[in-house]
Protein chains: 2
Amino acid sequence: MSANATRPLDHEVLAAVLRVRDGVLEVMLWQRALPPAAGRWALPGGALGPDEDVASCVRRHLADKVDVAQLSHLEQLAVFSDPHRVPGRRVVATAFLGLVPTDVDPSVPADTGWHAADNPPPTAFDHDAIVRRGRDRLRAKLSYTNLGFALAPSTFTISGLREIYAAALGYDVAATNMQRVLTRRGVLTPTGEASAPGRAGGRPAALYRFTDRSLRVTDPFAVLRPPRR
Amino acid sequence: MSANATRPLDHEVLAAVLRVRDGVLEVMLWQRALPPAAGRWALPGGALGPDEDVASCVRRHLADKVDVAQLSHLEQLAVFSDPHRVPGRRVVATAFLGLVPTDVDPSVPADTGWHAADNPPPTAFDHDAIVRRGRDRLRAKLSYTNLGFALAPSTFTISGLREIYAAALGYDVAATNMQRVLTRRGVLTPTGEASAPGRAGGRPAALYRFTDRSLRVTDPFAVLRPPRR
DNA sequence: ATAGTTATCGACTATAAGGCGAAAACTGGC
DNA sequence: GCCAGTTTTCGCCTTATAGTCGATAACTAT
């Protein structure tokens, strides 16, 4: 037996696209104009088409909101399948996690904006739970993979990277050891260049880049864990 | 628009249920008697019902093959959605990873058996890829979570635990430090009891148990990583 | 008793992390 | 130009964890 006659089974994809801006981890949401859940904020996404897999599908729907080429990372998050997650319909959602680096600023439609991932505005359906899952997945992976490359610009200073990690993780990280630890493990490579100092002066910071911009699992970075006491 | 009229969209759940037996990581498969893919081996699972989420669904279908209460762990793995993953139908699968401890031996139907997860017999559809994903997820999580509790019996010796980890990971692990490292981190707790020695003699081994049988993320266990050289 | 077997412990070495203060390299005001 | 202020980077020291090896404990079988 295939889809129930009285209540057809639909499948949609949704994407929690995250970025760090001004020290805040943000998620992309658009405001629904029409019922159901008019006025509430929703994740980008849409129905799974007959001839595509979920990865193609999420890229296709994201293209309505943002230049997909500016996404530095996209991965499956989880399936959300509560029979009542969308009132009046039976729709299973495959959620994705997308990341945008700090040095690109994708233009988005008028109904779409960026909101603090820790405190989003009222969302449609279960989209708040999906945002939480995406945020938690990012935080977990930051400490045992090199996923930071997807949030950081192509070259950056140590203190700039520290700010990105602190914003994404939601707590301050000790910057002193970050260069040493990440460099020793081969995650960071110095470019040899230096950044211009800010207007307050200070020594110019050396620029680094991620050695490997493909996702790799590493030992966890103790420097990224919360302080013990 | 809901499901395409000419090619209805179905959703199924599948479970890669793994266990360690005699030093081998095994997966539960049943042999299909009827087309399509008659004679090939398949993962347990079935269609998503109209009033259940995927977690309830996978437990319901697993109950046909095994006593679900004997599963020590069950988690979402990934969505498999290639439009041609099942010939002639459009069916999206949510795959789960299940684990069975070494000290229970669930009875299974006649068409169902356990096969080496590293080298399964010819499978139906994309079930071999799902087995690989489940195996890889287990291996990754063994080294940064306490998921070992789900494979091990309720109490065990250090060398017994070493064998389980070695079988699941596919490579030998250094046993010398395992007790010290896992105990220091609070993952293992001595029960105070000792096991009877084997027939060849030897000092009786102390029995341990996992301190916390709920899944917790820990620092990775360096003792579980492959040797450096 | 004694040889064989397995488990556990202690001592030592090596590696990595964390903290702190000094030094380096800049800006802007005087 | 000099000096105060700012930010980054480096070096040294302490602590924590991992890895190795050999010694010792606790058993079985003959």
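Sequence lines set the chain letters: A, B, ... in the order given, protein chains first and strands last, and positions in each chain run from 1.
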Exercise. So B/F156 and B/F210, would you call those rings parallel, tilted or perpendicular, with 30° and 60° as cut-offs?
Worked result: tilted
Problem set entry | Distance in angstrom units between A/R162 CZ and D/dT9 P, rounded | 13 Å
For this session: Examine D/dT8: is either OP1 or OP2 under 4.0 Å from a nitrogen or oxygen in the side chain of A/Q179? Give yes or no.
Result: no
Exercise. Atom CG of B/L207 and atom P of C/dA7: how far apart are they, to the nearest Å?
Worked result: 12 Å
Produce the list of close N/O pairs, under 3.5 Å, pairing protein atoms with atoms of nucleotides 27-30 of chain D; give distances to one decimal.
unit_1	atom_1	unit_2	atom_2	d
D/dC27	O2	B/G202	N	2.9
D/dT28	O3'	B/R199	O	3.1
D/dA29	OP1	B/R199	O	3.4

For this session: Nearest whole angstrom, please: distance from the P of D/dA25 to the CD1 of B/I158.
Result: 20 Å
Exercise. Residues two or more places apart in sequence or in another chain: which of them pass side-chain hydrogen bond (donor to acceptor under 3.5 Å, both in side chains) with B/D118?
Worked result: B/R135, B/R139
For this session: Answer with yes or no whether the side chains of B/T191 and B/T155 bring together a donor and an acceptor at under 3.5 Å.
Result: no
Exercise. Does B/R32 count as lying over the ring of B/W41, i.e. NZ or CZ under 6.0 Å from the six-ring centre, within 45 degrees of the axis?
Worked result: no
For this session: Would you kindly check if the NZ (Lys) or CZ (Arg) of B/R19 is within the cone defined by 45 degrees around the ring axis of B/W114 and under 6.0 Å from the six-membered ring centre?
Result: yes
Problem set entry | Distance-only polar pair, side chains of A/T157 and A/S195, donor-acceptor under 3.5 Å | no
Problem set entry | Touch class at under 4.0 angstrom, heavy-atom based, for A/T157 against every strand present | nothing
Seminar exercise, completed: Comparing nearest nucleotides in DNA chain C, the 5'-proximal residue of the pair A/R180, B/A206 is B/A206
Problem set entry | Whole-Å distance separating the CD atom of A/E193 from the P atom of C/dC26 | 14 Å
